[in-house]
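Predicted model only: the values in this text are computed from it and were never measured.
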Amino acid sequence: MELLREWVAGITVTAILAAIARALTDKSGQRGAVRLFCGVCVALAILMPLRTNAPRELLRSLERSFDAQKRAASYSQETSEALARDYAAAQAAAYLEAQAAAIADGITFSLELSEDLTPVSVTVSGPAAAREAASALAAQALGLSGERIRYISVEEEDADGKPSISRMDAEPVA
């Protein structure tokens, strides 16, 4: 792209200088010679880069620029998809937590979604007494089978006010 900028700048400067030279000549016979000279200078400014390696360099520069734009677009697409997946998981978890409030306090959901935003698995945490009802809610709302639902039983808060985990089920909810 730098080569293209230099080429356009050279043509622009040459055209401006040619216009000034033409404006400074009087109406005598010199005017025709000055016009011819200015026209040749502008033509050379346009054609000179074409006789060197400039066209190949320009093409390589443009290819690098297009490749960089493709990489940026791909990264942007991947980032957008990841953000959409995270947002959908957060919204689904918030919905489930609102529904679970009727079962027991402190039930939370963490979802894993596939690329097409369908639920793959869910981790439910909450009081041990709410295990069956919270797992059933997740299964019904998300259409997941028991092996895709994990439940973490949480005791009451510890001395620091944080929930203490009594056990994490190694086995999926049946």
Flag yes if Leu24 and Ile16 sit in one hydrophobic cluster, no otherwise; membership is Ile, Leu, Val, Met, Phe, Trp, Tyr, and two members link when side-chain heavy atoms are under 4.5 Å apart. yes
Is there a side-chain contact between Ile152 and Val124 (heavy atoms, below 4.5 Å)? no
CG on Leu113 to CG on Leu142, rounded to 0.5 Å: 8.5 Å
Contact check, side chains of Arg148 and Val120, non-hydrogen atoms, under 4.5 Å: yes
Once you round to the nearest 0.5 Å, how far does CG of Leu96 lie from CD1 of Ile107? 10.5 Å
Count the heavy atoms of every other residue, nucleotide or ligand shown that sit under 6.0 Å from CZ of Arg31, and state whether that count exceeds 12. yes
Can a donor-acceptor pair be found, under 3.5 Å and without considering hydrogens, that links the side chain of Arg85 to the backbone of Leu117? no
Flag the pair Thr123 / Leu111 as yes when at least one side-chain heavy-atom distance between them is below 4.5 Å, and no otherwise. no
Check whether Ser74 reaches the backbone of Lys70 with its side chain - one donor and one acceptor, N or O, closer than 3.5 Å. no
CD1 of Ile11 to CG of Leu44, rounded to nearest 0.5 Å, is 11.5 Å
Pairs meeting criterion side-chain hydrogen bond (donor to acceptor under 3.5 Å, both in side chains) with involvement of residues 101-113, two or more places apart: Thr108-Ser125, Glu112-Ser121
Minimum-distance pair of heavy atoms, taken over all atoms of Ala45 and Gly10: CB-O, 4.3 Å
So, taking the atom named CZ in Arg22 and the one named CZ in Phe37, what distance separates them when rounded to the nearest 0.5 Å? 13.5 Å
Check: Ser76 main-chain N/O paired with Ser80 side-chain donor or acceptor under 3.5 Å: yes
Consider only side-chain heavy atoms of I, L, V, M, F, W and Y, link residues closer than 4.5 Å, and tell whether Ile20 and Val42 are in one cluster. no
When rounded to the nearest 0.5 angstrom, what distance separates CD1 in Ile149 from CZ in Arg131? 10.5 Å
Heavy-atom closest contact (Ala134 atom, Tyr151 atom, distance): CB-CE1, 3.9 Å
Using only atom types and a distance under 3.5 Å, with no angle test, would you say the side chain of Ser135 pairs donor to acceptor with the backbone of Glu132? no
Closest non-hydrogen atom pair, Ala138 against Phe109: CB-CE2, 3.9 Å
Are the side chain of Thr118 and the backbone of Ser114 linked by a donor-acceptor contact shorter than 3.5 Å? no
In terms of hydrophobic clusters joined by side-chain contacts under 4.5 Å, are Tyr95 and Ile103 together? yes
Can you tell me how far CD of Glu97 sits from CG of Leu137, rounded to the nearest 0.5 angstrom? 10.5 Å
